[in-house]
Amino acid sequence: MNDNVKHERPNPARASAPTGQTPYSAWMRTDTLHSLQNPVSDHPGEHAWITSVQVSELYWMLIIRELQMAQAQLRADDLMQACRTLQRVVAHHEPLNATWRSIAWMTPTDLLSILSRAVATYGKDTALQGWTYRHMVYLLGIKEAEHLQHFTPQPQRWDQLRQALTEPSLYDDVLAYLHRNGFALPETALDRDFSVPYAPNQAVEKVWCDIYADPNGNLQLQHLGETLADIAEGFSAWKHFHLMATRRTFGARPAYFGTEGIAWLRQTMDETPFPELWSARGSIGDPPTVCPHMHK
Ligand code: HEM
């Protein structure tokens with residue numbers, strides 16, 4: 001051990017929490033945090049509703065930060081660190097999806113007695129007005145410009161989302177990384193207008209097939225692929241829980257756009273991130289062309 005290296009220990013005497021705070025409350029901002037719930041109704045379950053949505057908001061913001069970090073790591077060709085970051089995103093989806101349990105007790109009467117007070121207090125609301133979810137979705141590569149319309153009252157958030165819409169998604173960075181690291185991809189998959197919906201590409205599917213062709217080859221890239229698949233599953237699971245909660249508490253009545261809410265949500269269920277990572281699975285494996293059960 002080198003005796004010249006000084007290992008400085010933290011000196012608790014030097015640090016101090018602001019007056020009226022403990023170190024814990026100062027760090028976790030507990031007073032601010034617990035001042036952020038303002039119910040609009042006298043329904044005893046509204047605190048559970050607000051907590052559930054606010055916790056989801058925090059997780060979406062956390063996932064945004066992680067996805068942006070993974071993009072920076074991929075751009076720096078640091079695949080190992082990018083995978084570690086993306087594994088955290090997989091982990092965050094577990095508690096995010098578990099939030100649905102906290103409001104599973106709701107009947108239509110419960111939900112509507114809260115929502116009717118929210119409309120009376122703040123006006124017609126929809127969760128489509130939530131910018132964290134939309135930012136996360138844009139980073140996952142599902143780019144739909146029409147959702148910006150909800151943010152005109154929030155110009156700063158409109159700008160933020162417009163930027164996320166026009167910049168590369170995580171998947172775009174994955175493809176660019178693969179291209180730089182020996183997997184030739186067509187220019188159309190790399191140099192494109194990032195604000196338009198991604199169109200799946202056969203050449204990209206072929207690259208994923210090549211990555212998985214040898215079970216013992218490209219292991220780190222296969223790990224990346226499986227981590228992305230886990231993220232897509234976590235995202236789709238959230239959508240499934242949301243659809244079932246809507247069926248349970250709302251039924252087939254018209255929602256924000258005047259169209260039937262369940263029908264609106266069902267058409268979003270096919271929004272699965274990283275499309276060729278999934279479509280390639282029809283051709284990966286030996287023998288690749290048919291399911292073994294078909295030979296019975
Ligand atoms: C359980 C009662 C709920 C019902 C009946 C419901 C209903 C709906 C409906 C009908 C839509 C489609 C857009 C619209 O017409 O507003 C929607 C979208 C959405 N809701 Fe909910 N929702 C519920 C709970 C929640 C909760 C608790 C959250 C957040 C934690 C949430 C987040 C979202 C998001 C992010 C969208 C946009 C989805 C997308 O773009 O695919 N919803 N919801």
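Numbering of ligands and ligand atoms starts at 1, following listing order.
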Point to revise | Residue part near ligand 1, for W60, under 4.0 Å between non-hydrogen atoms | key: side chain
Study note, to complete from the structure: Ranked by distance from atom 3 (C) of ligand 1, the top protein heavy atom is T246 OG1, 4.1 Å
Exercise for review: Kindly say whether A91 contributes a backbone atom to a donor-acceptor pair with the side chain of E94 at under 3.5 angstrom?
Suggested key: no
**Study point:** Among E167, Q163, R162, side-chain contact (heavy atoms from CB on, under 4.5 Å) partner for L165
**Key:** R162
Exercise for review: Before signing off on this row, confirm whether W238 and ligand 1 have an N or O atom pair separated by under 3.5 Å.
Suggested key: no
Review point. Under 3.5 Å, is there a donor-acceptor pair between the side chain of S116 and the main chain of S113?
Key: yes
Practice item. Could you check if a side-chain atom of L170 sits within less than 4.5 angstrom of a side-chain atom of F274, using non-hydrogen atoms only? Key: yes
Point to revise | Subset of ligand 1 atoms that lie under 4.0 Å from at least one heavy atom of F250 | key: 5 (C)
Study note, to complete from the structure: of all protein heavy atoms, closest to atom 9 (C) of ligand 1 is L265 CD1, 3.9 Å
Point to revise | ligand 1 contact on Y256 by region, counting heavy-atom pairs under 4.0 Å | key: both
Check your understanding: Can you tell me if D159 uses its side chain to pair, donor with acceptor, with the backbone of Q156 under 3.5 Å?
Key -> no
Check your understanding: At under 4.0 Å between heavy atoms, which part of R134 makes contact with ligand 1: side chain, backbone, both or neither?
Key -> side chain
Review point. Quick one: does K143's side chain have a donor or acceptor within less than 3.5 Å of a partner on Y198's backbone?
Key: no
Exercise for review: Could you say whether the N/O atoms of S52 and ligand 1 ever approach to under 3.5 Å?
Suggested key: no
Review point. Among protein heavy atoms, which lies nearest atom 10 (C) of ligand 1, and at what distance?
Key: A255 CB, 3.4 Å
Review point. Has the side chain of D191 got a donor or acceptor atom that lies under 3.5 Å from a matching backbone atom of E187?
Key: no
Check your understanding: At a 4.0 Å threshold, what atoms of ligand 1 neighbour a non-hydrogen atom of G261?
Key -> 10 (C)
Check your understanding: When you measure from atom 16 (O) of ligand 1 to every protein heavy atom, which one gives the shortest distance, and what is it?
Key -> T126 OG1, 2.7 Å
Review point. Does the pair D172/R192 count as a salt bridge with the N-to-O cut at 4.0 Å?
Key: yes
Practice item. Let me see the working for L62 and L96 under side-chain contact (heavy atoms from CB on, under 4.5 Å), right down to the final yes or no. Key: CA-CA 11 Å; L62 179 58; L96 172 61; over 6 Å; no
**Study point:** Gap between atom CD1 of I50 and atom OG of S41 - 0.5 Å precision
**Key:** 7.5 Å
Study note, to complete from the structure: Atoms of ligand 1 under 4.0 Å from any heavy atom of S56, numbered from 1 in the order shown, are 30 (C)
Review point. Taking non-hydrogen atoms only, is F241 closer than 4.0 angstrom to ligand 1 via side chain, backbone, both or neither?
Key: neither
Exercise for review: Of the side chain and backbone of T259, name the one, both, or neither that has a heavy atom under 4.0 Å from an atom of ligand 1.
Suggested key: neither
Exercise for review: Find all atoms of ligand 1 within a distance of less than 4.0 Å from any non-hydrogen atom belonging to T249, and give their numbers and elements.
Suggested key: 1 (C), 2 (C), 5 (C)
Check your understanding: Is any side-chain N of the basic residue among K239 and E271 closer than 4.0 Å to the acidic one's carboxylate O?
Key -> yes
Check your understanding: Should the proximity of T99 to ligand 1, defined as any heavy atom under 4.0 Å, be assigned to the side chain, the backbone, both, or neither?
Key -> neither
Review point. Considering only protein heavy atoms, which is closest to atom 24 (C) of ligand 1, and at what distance to one decimal place?
Key: W49 CH2, 3.6 Å
Check your understanding: Q54 side chain to T51 main-chain N or O, any donor-acceptor pair under 3.5 Å?
Key -> no
Exercise for review: With heavy atoms under 4.0 Å as the rule, classify the contact between H242 and ligand 1 as side chain, backbone, both or neither.
Suggested key: side chain
**Study point:** Protein contact of atom 28 (C) of ligand 1 - nearest heavy atom, named by residue and atom, plus distance
**Key:** W100 CH2, 4.0 Å
Revision key, fill the gap. protein heavy-atom neighbour closest to atom 34 (C) of ligand 1 works out as A127 CB, 3.5 Å
Check your understanding: Between N97 and G234, is there a donor-acceptor pair closer than 3.5 Å when you use the side chain of the first and the backbone of the second?
Key -> yes
Review point. Does ligand 1 have an atom under 4.0 Å from some heavy atom of K239?
Key: yes
Revision key, fill the gap. Here the atoms of ligand 1 under 4.0 Å from any heavy atom belonging to T268 are 41 (O)
Review point. Tell me: protein heavy atom nearest atom 12 (C) of ligand 1, and distance?
Key: W264 CE3, 3.4 Å
Study note, to complete from the structure: A student checking ligand 1 against V53 at a 4.0 Å heavy-atom cut-off should list atoms 27 (C)
Review point. Are the side chain of E260 and the backbone N or O of I262 linked by a donor-acceptor pair below 3.5 Å?
Key: yes
Check your understanding: Once you round to the nearest 0.5 Å, how far does CG of L111 lie from CH2 of W49?
Key -> 5.5 Å
Exercise for review: Please state which part of I103 comes within less than 4.0 Å of ligand 1, counting heavy atoms only: side chain, backbone, both or neither.
Suggested key: side chain
